[in-house]
A.B. asks: 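Could you have a look at this structure, given as structure tokens, before my questions?
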Amino acid sequence: MPANKDETREQLALLMKAEMAKARTEMRIVHALWAVAGVALAAAILLWLFADGRAQYIAQDSGHGSAVLIPAWLALAGLLAAAAATVFFMIRLMRGALGNIVQRQARK
């Protein structure tokens with residue numbers, strides 16, 4: 001019986017090591033998505049304010065040029081990247097919570 005407990009502990013340790021590696025990879029993806037979101041939103045704001053995007057938007061009723069459209073698309077890309085990062089982070093958080101529950105049950 002004790003050999004079985006040792007084998008179970010080793011299997012649990014291997015599973016936890018694999019899960020930690022997976023968690024690191026997932027968090028790298030989340031950090032990269034947040035970085036992309038930040039850069040895209042900062043670029044959109046800078047282009048909107050300093051490349052006359054705002055002035056062109058106010059001056060025209062329709063048919064906006066690239067000074068308006070490029071910041072708009074960058075802002076949309078930033079929002080989508082932020083939403084994706086949030087979803088992936090919540091998935092990681094839930095997976096970690098479930099892993100803690102499983103680990104606690106295995107120790108009992």
Side-chain angles (χ1 to χ4, degrees):
M1 197 98 168
N4 192 11
K5 284 184 180 180
D6 291 338
E7 184 178 314
T8 304
R9 284 186 185 145
E10 289 175 9
Q11 288 176 350
L12 182 61
L14 288 174
L15 288 174
M16 292 305 295
K17 189 174 181 181
E19 183 63 28
M20 290 301 294
K22 191 175 187 181
R24 279 192 298 274
T25 302
E26 289 173 350
M27 288 308 294
R28 282 188 195 122
I29 292 169
V30 169
H31 288 138
L33 283 171
W34 275 115
V36 167
V39 168
L41 289 171
I45 290 171
L46 291 175
L47 287 174
W48 179 255
L49 294 176
F50 299 116
D52 293 330
R54 183 174 181 264
Q56 186 182 25
Y57 180 76
I58 292 170
Q60 290 183 344
D61 289 337
S62 64
H64 301 294
S66 63
V68 174
L69 294 176
I70 291 173
W73 283 107
L74 280 172
L76 179 63
L79 290 174
L80 290 175
T86 302
V87 168
F88 287 145
F89 178 72
M90 290 307 296
I91 290 170
R92 176 68 244 153
L93 193 66
M94 293 302 293
R95 190 176 290 147
L98 290 174
N100 288 341
I101 292 169
V102 168
Q103 186 178 13
R104 210 173 319 140
Q105 291 297 324
R107 287 181 181 166
K108 286 182 181 181

A.B. asks: Does any part of the side chain of Met94, heavy atoms only, come nearer than 4.5 Å to the side chain of Ile91, both counted from C-beta?
C.D. replies: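 Sidechains of Met94 and Ile91: no contact.
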A.B. asks: Which heavy atom of Ala37 sits nearest a heavy atom of Gly78, and at what distance?
C.D. replies: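 Ala37 and Gly78 have their closest heavy atoms at CB-O, 3.4 Å.
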A.B. asks: side-chain contact (heavy atoms from CB on, under 4.5 Å) with Met20: which residues, sequence neighbours excluded?
C.D. replies: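 For Met20, the residues satisfying side-chain contact (heavy atoms from CB on, under 4.5 Å) (neighbours in sequence not counted) are Arg24.
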A.B. asks: When clusters are formed from ILVMFWY side-chain contacts under 4.5 Å, directly or step by step, what else is grouped with Trp48?
C.D. replies: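 Noted: Trp48 shares its cluster with Ile45, Leu46, Leu49, Phe50, Tyr57, Val68.
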A.B. asks: Using the side-chain contact (heavy atoms from CB on, under 4.5 Å) criterion, which residues pair with Ala75? Sequence neighbours excluded.
C.D. replies: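 Result, side-chain contact (heavy atoms from CB on, under 4.5 Å) vs Ala75: Leu41, Ala44.
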A.B. asks: Which heavy-atom pair separates Ala67 from Gln56 by the least distance, and what is that distance?
C.D. replies: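 In this case the closest contact between Ala67 and Gln56 is CB-OE1, 3.0 Å.
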A.B. asks: Please name all residues satisfying salt bridge (Lys or Arg N to Asp or Glu O under 4.0 Å) with Glu26, sequence neighbours left out, ordered by chain then number.
C.D. replies: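 In terms of salt bridge (Lys or Arg N to Asp or Glu O under 4.0 Å), with neighbours along the sequence ignored, Glu26 is linked to Arg92, Arg95.
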A.B. asks: Using a side-chain heavy atom cutoff under 4.5 Å and only I, L, V, M, F, W and Y, what cluster partners does Leu14 have?
C.D. replies: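 Hydrophobic cluster check, Leu14: no partners found.
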A.B. asks: Could you give all pairs that pass the salt bridge (Lys or Arg N to Asp or Glu O under 4.0 Å) test and reach residues 66-78, with sequence neighbours left out?
C.D. replies: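 Of all non-adjacent pairs touching residues 66-78, none passes salt bridge (Lys or Arg N to Asp or Glu O under 4.0 Å).
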A.B. asks: Output side-chain donor-acceptor pairs under 3.5 Å for residues 28-36, partner residues at least two apart or in another chain, one line each.
C.D. replies:
{"residue": "His31", "atom": "ND1", "partner": "Met27", "partner atom": "O", "Å": "3.1"}

A.B. asks: Tell me, which pairs form a salt bridge (Lys or Arg N to Asp or Glu O under 4.0 Å) where one or both residues lie in residues 36-59, sequence neighbours left out?
C.D. replies: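 Those involving residues 36-59 do not exist here.
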